[in-house]
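Report on one structure; see the data block that follows.
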Amino acid sequence: MHLVQLHRFLYEQRIVAPVLAMSFAPVERLASWISLVLDEEMPREWRAHTRFVPDPSLRVYHAYGLGRNSRLRVYGPRVLLYYALRWLRGHGIPKVSEDPLQRGGDFVVDAGGRIALSHVGVDQADRPPVQRIVAALQSPRCSRPLEVEGRNPHQR
Amino acid sequence: MSKRIPGVLRIPSVGEPAPDFEATDVDGRAIVLSRQPKPIALVFLRHLA
């Protein structure tokens, strides 16, 4: 899961970075998912600086241009291959209770309030490598260096 | 002068101001993006598996 991969990378690199995880699921469903699914895959200490935000009206999703994908992109060959590989690895095919066509995306906002990374995948399996997200968080344009736990980032 | 078509969604590009928003997190706490510590990552999830 992309969100787990990002948090694992941040934790293993000892990088402290705030994350807003947006979901268009209702608040009760999101809270349930966090406790029943996410807690199984991600220790809470990994997400100490993360906040989960329900957006069932899609107001924020739409503010970031995230509408619905086409059925071809959701159920196209690349995505079918992705889920086939998941199934072969024993992860199973997830049951979906929300709109499977709603797009997701990844953004980084720099210290000046400007977009430093903008990634909306061409299909449902397309997410940026977590290293790219972290690189955007750490880029000079973000101006304020990220805190690295355990050591001063300015020390040489 | 270009005419804005209502209902057309536009993905913000690198370098543009990030659309500000107010929301409430799953714990009931208010969030205003412009008041959050930055840099910050926004991960918009798809359907919950």
Side-chain angles (χ1 to χ4, degrees), chain A residues 1-3 6 17-25 27 29-31 33-34 37 51-55 59-67 94-100 102-118 120 124 133-134 136-139 142-144 146, chain B:
Chain A
M1 191 191 302
H2 174 69
L3 192 65
L6 172 62
V19 176
L20 293 184
M22 310 294 300
S23 170
F24 60 95
V27 59
R29 166 84 172 114
L30 178 58
W33 176 79
I34 292 170
V37 178
R51 295 174 73 176
F52 292 85
V53 186
D55 180 34
R59 178 174 51 88
V60 184
Y61 274 74
H62 289 173
Y64 281 76
L66 301 174
K95 291 191 173 126
V96 176
S97 55
E98 293 89 34
D99 182 3
Q102 175 58 47
R103 302 178 87 173
D106 296 83
F107 300 85
V108 169
V109 180
D110 69 17
R114 294 189 173 270
I115 300 289
L117 177 129
S118 172
V120 179
Q124 306 294 75
I133 297 174
V134 176
L137 285 165
Q138 295 181 311
S139 71
C142 282
S143 66
R144 189 172 72 100
L146 288 176
Chain B
M1 189 167 76
S2 62
K3 188 175 178 182
R4 183 179 176 87
I5 303 173
V8 174
L9 302 177
R10 198 181 72 82
I11 299 166
S13 300
V14 172
E16 294 182 355
D20 196 13
F21 60 86
E22 297 181 26
T24 304
D25 74 5
V26 71
D27 297 316
R29 296 172 298 177
I31 289 178
V32 180
L33 178 65
S34 55
R35 298 185 200 150
Q36 294 302 301
K38 297 182 190 66
I40 187 168
L42 308 181
V43 179
F44 287 82
L45 303 176
R46 293 182 291 108
H47 55 81
L48 301 178

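First the proteins, then the strands, lettered A, B, ... as listed; each starts at 1. Below, each value reflects all heavy atoms present in this structure, side chains not excepted, and no hydrogens, waters or symmetry copies.
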Of the backbone (N, CA, C, O) and the side chain (C-beta and beyond), which part of Ser34(B) lies under 4.5 Å from a heavy atom of chain A, both, or neither?
->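 Ser34(B) has no heavy atom closer than 4.5 Å to chain A.
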Is it the backbone or the side chain of Gln36(B) that comes under 4.5 Å from a heavy atom of chain A, or both, or neither?
->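 Contact with chain A: side chain only.
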From [X] atom [atom1] to [Y] atom [atom2], the distance as rounded to the nearest 0.5 Å:
X	Y	atom1	atom2	result
Asp55(A)	Leu45(B)	CG	CG	11.0 Å
Glu22(B)	Arg59(A)	CD	CZ	7.5 Å
Arg46(B)	Tyr61(A)	CZ	OH	10.0 Å

Report the option among Ile133(A), Asp106(A), Val37(A) that has the most heavy-atom pairs separated by less than 4.5 Å from atoms of chain B.
->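 Heavy-atom pair counts peak at Asp106(A).
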Could you tell me which of Leu6(A), Ile34(A), Leu3(A) has the largest number of non-hydrogen atom pairs under 4.5 Å with chain B?
-> Leu3(A)
Please state whether the rings of Phe44(B) and Tyr64(A) are parallel, tilted or perpendicular, taking 30° and 60° as the class boundaries.
-> tilted
Options Gly28(B), Pro17(B), Ala23(B), ranked by heavy-atom pairs under 4.5 Å with chain A, top entry =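 So the answer, after comparing Gly28(B), Pro17(B), Ala23(B), is Pro17(B).
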Just by modelled atom types, is the Leu48(B) backbone N or O under 3.5 Å from a matching donor or acceptor in the Glu98(A) side chain?
->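 Present.
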Arg114(A) side chain vs Gly15(B) backbone, donor-acceptor pair below 3.5 Å | yes
Under 4.5 Å from a heavy atom of chain B, the part of [X] involved:
X	result
Leu117(A)	backbone
Val120(A)	side chain
Ala25(A)	side chain

